[in-house]
Undergrad: 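Got a structure for you, written out below as structure tokens; questions coming shortly.
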Amino acid sequence: MKKQPHARPIIVLGCGGHAKVLLDTLRALDHSVMGAVDTDPVKHGTKILGVPILGGEDWVLKHSPSEVHLVNGLGGVSSTQTRRTVFNKFRERGYEFLTLIHPTAWVGSEVSLGEGVQIMAGVRIQPGCQIRSNSIINTGATIDHDSEIGDHVHIAPGVTVCGSVKIGEKSLIGAGSTIIQKIILGPETLIGAGSLVIHSFESGGIKAFGVPAREAK
């Protein structure tokens with residue numbers, strides 16, 4: 001895949017593990033990173049992968065929304081709430097989030113990517129898919145044809161999503177899980193790591209685990 005064009009200077013929100021992976025992606029794409037911010041004052045004045053941690057989130061407000069792009073460096077292993085709260089906070093103030101595609105990812109024809117979507121290393125997305133705003137398709141995941149991923153979804157590393165699957169907003173699909181074709185998952189669904197999803201959970205707000213995946217009581 002060709003490198004993406006240069007954009008405005010970038011500020012990364014967060015300094016944890018996901019932010020580190022994103023900084024490496026930004027470096028591979030030749031983007032200019034101004035620095036990172038974090039809510040933990042202990043980190044201020046230090047560096048992450050050689051990038052300065054400039055201060056807290058209020059530091060972003062020193063720059064007009066027209067001057068910078070933001071990258072959401074917050075991940076989440078059990079919930080997408082913090083990630084979406086930060087995204088909404090800065091979108092309401094007029095800031096724009098950069099959509100990122102790692103150079104080793106492959107994105108097929110007629111794929112729609114929303115604002116702030118992050119396509120990480122080794123991902124494969126087949127034709128006709130829709131990935132909506134602020135969603136992560138993490139390392140080595142596969143999204144097959146005509147699938148729809150809602151806003152603020154985290155598809156963890158190694159997940160396989162088969163064709164024509166629909167995943168509702170704010171959902172989290174755990175590492176190494178497989179979702180077979182034509183499954184529908186409602187909003188805020190949590191699928192445990194390593195699960196096999198062979199029937200739909202359309203109501204949303206559920207947690208399901210296992211092989212095959214069953215709703216946790």
Side-chain angles (χ1 to χ4, degrees), residues 4-23 25-26 29 31-45 48 51-102 107 111-120 125 129-138 143 147-156 166-173 185-190 204-205:
Q4 294 168 294
H6 293 278
R8 306 168 197 161
I10 292 162
I11 301 173
V12 176
L13 307 178
C15 297
H18 186 61
K20 183 180 289 187
V21 176
L22 288 169
L23 285 167
T25 299
L26 289 164
L29 293 169
H31 281 301
S32 174
V33 180
M34 181 182 299
V37 298
D38 197 271
T39 56
D40 183 357
V42 173
K43 297 179 180 180
H44 300 171
I48 175 172
V51 173
I53 301 174
L54 303 167
E57 291 177 357
D58 287 346
W59 195 90
V60 177
L61 303 179
K62 297 179 180 180
H63 301 273
S64 165
S66 64
E67 295 175 344
V68 296
H69 273 127
L70 304 184
V71 166
N72 194 344
L74 300 173
V77 295
S78 60
S79 171
T80 64
Q81 180 175 350
T82 302
R83 177 178 174 80
R84 66 181 183 261
T85 297
V86 166
F87 180 86
N88 290 333
K89 170 183 175 180
F90 284 101
R91 281 302 290 124
E92 288 169 359
R93 289 165 170 79
Y95 291 90
E96 297 178 8
F97 284 78
L98 200 63
T99 297
L100 294 178
I101 304 173
H102 193 278
V107 178
V111 170
S112 173
L113 302 179
E115 180 179 352
V117 165
Q118 297 166 356
I119 309 299
M120 309 308 288
I125 301 179
C129 291
Q130 298 180 36
I131 318 292
R132 295 194 172 88
S133 298
N134 195 41
S135 288
I136 306 169
I137 312 299
N138 223 325
I143 313 294
S147 290
E148 299 179 18
I149 311 297
D151 297 313
H152 315 295
V153 170
H154 185 178
I155 304 293
K166 296 182 179 181
I167 299 177
E169 64 177 0
K170 307 175 188 176
S171 294
L172 195 157
I173 312 302
L185 301 179
E188 298 189 68
T189 296
L190 172 63

Undergrad: Which residue, T25, L26, L29, I137, forms the side-chain contact (heavy atoms from CB on, under 4.5 Å) with H102?
TA: T25

Undergrad: How far apart are the C-alpha atoms of K43 and I48, what are their side-chain angles, what is the distance that settles it, and do they pass the side chain to side chain contact (heavy atoms under 4.5 Å, CB included) test?
TA: CA-CA 9 Å; K43 297 179 180 180; I48 175 172; over 6 Å; no

Undergrad: If you take all heavy atoms of G94 and P65, which pair is closest and at what distance?
TA: O-CB, 3.2 Å

Undergrad: Measure the spacing between NE2 of H69 and CD1 of I11 and express it to the nearest 0.5 Å.
TA: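 So the gap between those two atoms works out to 11.5 Å.
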
Undergrad: If you apply the rule side chain to side chain contact (heavy atoms under 4.5 Å, CB included), what do you find for I173 with L185, and how did you get there?
TA: CA-CA 10 Å; I173 312 302; L185 301 179; 3.9 Å; yes

Undergrad: Return the minimal non-hydrogen interatomic distance between P9 and E67, and the atom names on each side.
TA: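 Smallest heavy-atom distance, with atoms named: CD-O, 3.6 Å.
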
Undergrad: Check V37, L98, V60 against L70 for a side-chain contact (heavy atoms from CB on, under 4.5 Å) and give me the one that passes.
TA: V60

Undergrad: Indicate the atoms forming the closest heavy-atom contact of F90 with L13, along with that distance.
TA: CD1-CD1, 3.9 Å

Undergrad: Between the main-chain N or O of V86 and the side-chain N or O of N72, is there a donor-acceptor pair closer than 3.5 Å?
TA: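 It does not hold such a pair.
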
Undergrad: Ring-plane angle category for F97 and F87, please: parallel below 30°, perpendicular beyond 60°, tilted otherwise.
TA: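 Judged by the thresholds at 30° and 60°, the geometry between F97 and F87 is tilted.
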
Undergrad: Where do G150 and R132 come nearest, in terms of heavy atoms and distance?
TA: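 Looks like C-CB, 3.7 Å.
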
Undergrad: Keeping S112 on the side-chain end and Q130 on the backbone end, is there a donor-acceptor pair under 3.5 Å?
TA: no

Undergrad: Considering all heavy atoms of both residues, which atom of S171 and which atom of P187 are nearest to each other, and what is their separation?
TA: OG-C, 4.0 Å

Undergrad: Is R91 close to N134 at the side-chain level, that is, under 4.5 Å between some pair of heavy atoms?
TA: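 Side chain of N134 against side chain of R91, heavy atoms only: no contact under 4.5 Å found.
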
Undergrad: Is there a donor-acceptor pair under 3.5 Å between the side chain of H31 and the backbone N or O of I10?
TA: no

Undergrad: Quick check: do V12 and V51 have side-chain heavy atoms less than 4.5 Å from each other?
TA: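 No, their side chains stay 4.5 Å or more apart.
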
Undergrad: For a side chain to side chain contact (heavy atoms under 4.5 Å, CB included) check, start with the C-alpha distance between E115 and E96, then their side-chain angles and the critical distance, and finish with the verdict.
TA: CA-CA 8 Å; E115 180 179 352; E96 297 178 8; 3.9 Å; yes

Undergrad: How far does CD of E57 sit from CG of D38, to the nearest 0.5 angstrom?
TA: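 Nearest 0.5 Å value for the CD-CG distance: 8.0 Å.
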
Undergrad: Nearest 0.5 Å, what's the OG-OH distance between S64 and Y95?
TA: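 It comes to 6.5 Å.
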
Undergrad: Any chance you could lay out the side chain to side chain contact (heavy atoms under 4.5 Å, CB included) test for I53 and W59, step after step, and finish with the verdict?
TA: CA-CA 10 Å; I53 301 174; W59 195 90; over 6 Å; no

Undergrad: Between R84 and E169, does any NZ, NE, NH1 or NH2 come within less than 4.0 Å of an OD or OE carboxylate oxygen?
TA: no

Undergrad: How about I167 and I155: do any of their side-chain heavy atoms sit closer than 4.5 Å?
TA: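 In short, these two side chains touch, coming nearer than 4.5 Å.
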
Undergrad: How far apart are the closest heavy atoms of S135 and H152, and which atoms are they?
TA: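 Taking every non-hydrogen atom into account, OG-N, 3.4 Å.
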
